[in-house]
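Structure first, commentary second.
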Amino acid sequence: MNGIVLPEVEAYMYGLLPQRDQVLSEIETLAASHRIPIIGPAVGRILFLLAKLINAKHVFEMGSAVGYSTIWLARGTGESGVVYYTDTDEENAKRAAVYFKKAGVSDQVRLLIGDALHLIDTVEGDFDLIFNDVGKDRYPEVFAKAYPRLRPGGLLVSDNVLWYGKVAGGNRDTATQAVREFNRLLYSTDGLFTTILPIRDGISVSLKL
Ligand SMILES: C[S@@+](CC[C@H](N)C(=O)[O-])C[C@H]1O[C@@H](n2cnc3c(N)ncnc32)[C@H](O)[C@@H]1O
């Protein structure tokens, strides 16, 4: 619950979601008990759907934690797809590797540990889809790195673009200002067509024209 959608409406939407499989349910339980901020199932379904819609096969993820969103992306790209997992925390990556095995997506996922904004330079080729979920203060830098790496028709998808609603108020902390600037860039760049889906904490979807 992020205060974007009315709680009763959000509960209704989440109530519609089919039960996840064993590994996704296990990560959801771990995330809830250890306060790991994962995208959750409603946003997971958006990633799966978008990857399927554009037939994404080459995907770069920035900020993957224990791999929950990575699994949704890997399932959306199918067996012939490749998804680059990135996280600065080695322990997260170790946990994620176990989950990838359980989810049957290990062959599709490349684990990269370090700063996603540097790691993206180490992978060749344009991407069909880039999913961004790193620290919010880095979002404008993410824009500068990700936009040139998308193929025409590719998607830049970002989590938390409504940032608990703080982007709409007078809040001037660094993270909020960075997310605001990121959203401004997404909407004012001629080569992108952007919309924000106000689900959970807000998901931006930008198509490279
Ligand atoms: C919100 S969590 C990601 C959750 C994940 N996308 C999911 O929904 O399952 C953010 C993660 O980004 C990682 N992170 C923060 N800054 C990063 C950076 N510059 N490069 C790579 N990972 C980063 C953190 O360690 C953290 O695990």
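Keep in mind that what you see is a predicted model, and the values were worked out from it rather than measured. In listed order, ligands and their atoms are each counted from 1.
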Considering the heavy atoms of [X], write down every atom of ligand 1 situated less than 4.0 Å from one of them.
X: Tyr68; value: 9 (O)
X: Val134; value: 16 (N), 17 (C), 18 (C), 20 (N), 23 (C)
X: Ser69; value: 5 (C), 6 (N), 7 (C), 8 (O), 9 (O)
X: Gly135; value: 15 (C), 16 (N)
X: Gly114; value: 20 (N), 21 (C)
X: Asp115; value: 18 (C), 19 (N), 20 (N)
X: Ile39; value: 7 (C), 8 (O)
X: Pro37; value: 1 (C), 2 (S), 4 (C)

Judging by distance only, is a nitrogen or oxygen of Ala116 under 3.5 angstrom from one on ligand 1?
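N/O-N/O distance under 3.5 Å: yes.
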Would you please say whether a donor-acceptor pair under 3.5 Å links the side chains of [X] and [Y]?
X: Glu61; Y: Ser69; result: yes
X: Tyr68; Y: Glu28; result: yes
X: Gln22; Y: Glu26; result: yes

Got a donor-acceptor contact below 3.5 angstrom from the Arg95 side chain to the Val66 backbone?
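Not at all, since once roles are kept as given, no pair shorter than 3.5 Å links the two residues.
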Quick check against the 3.5 Å criterion: does Asp201 have a side-chain atom that pairs as donor or acceptor with the backbone of Tyr164?
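Yes.
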Indicate, as side chain, backbone, both or neither, the part of Asn92 found under 4.0 angstrom from ligand 1 when only non-hydrogen atoms are considered.
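The part of Asn92 near ligand 1 is the side chain, not the backbone.
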Residue-level breakdown please: for Arg138 versus ligand 1, do any non-hydrogen atoms fall below 4.0 Å on the side chain, on the backbone, on both, or on neither?
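Side chain only; the backbone of Arg138 stays clear of ligand 1.
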Under the salt bridge (Lys or Arg N to Asp or Glu O under 4.0 Å) rule, collect the residues that match up with Glu91, sequence neighbours excluded.
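For Glu91, the residues satisfying salt bridge (Lys or Arg N to Asp or Glu O under 4.0 Å) (neighbours in sequence not counted) are Lys94.
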Return the set of residues passing salt bridge (Lys or Arg N to Asp or Glu O under 4.0 Å) with Arg110 (not counting sequence neighbours), or none when no residue passes.
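Applying salt bridge (Lys or Arg N to Asp or Glu O under 4.0 Å) to Arg110 gives none.
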Give a yes/no verdict on whether any heavy atom in Gly40 is under 4.0 Å from an atom of ligand 1.
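Distance cut 4.0 Å: Gly40 fails for ligand 1.
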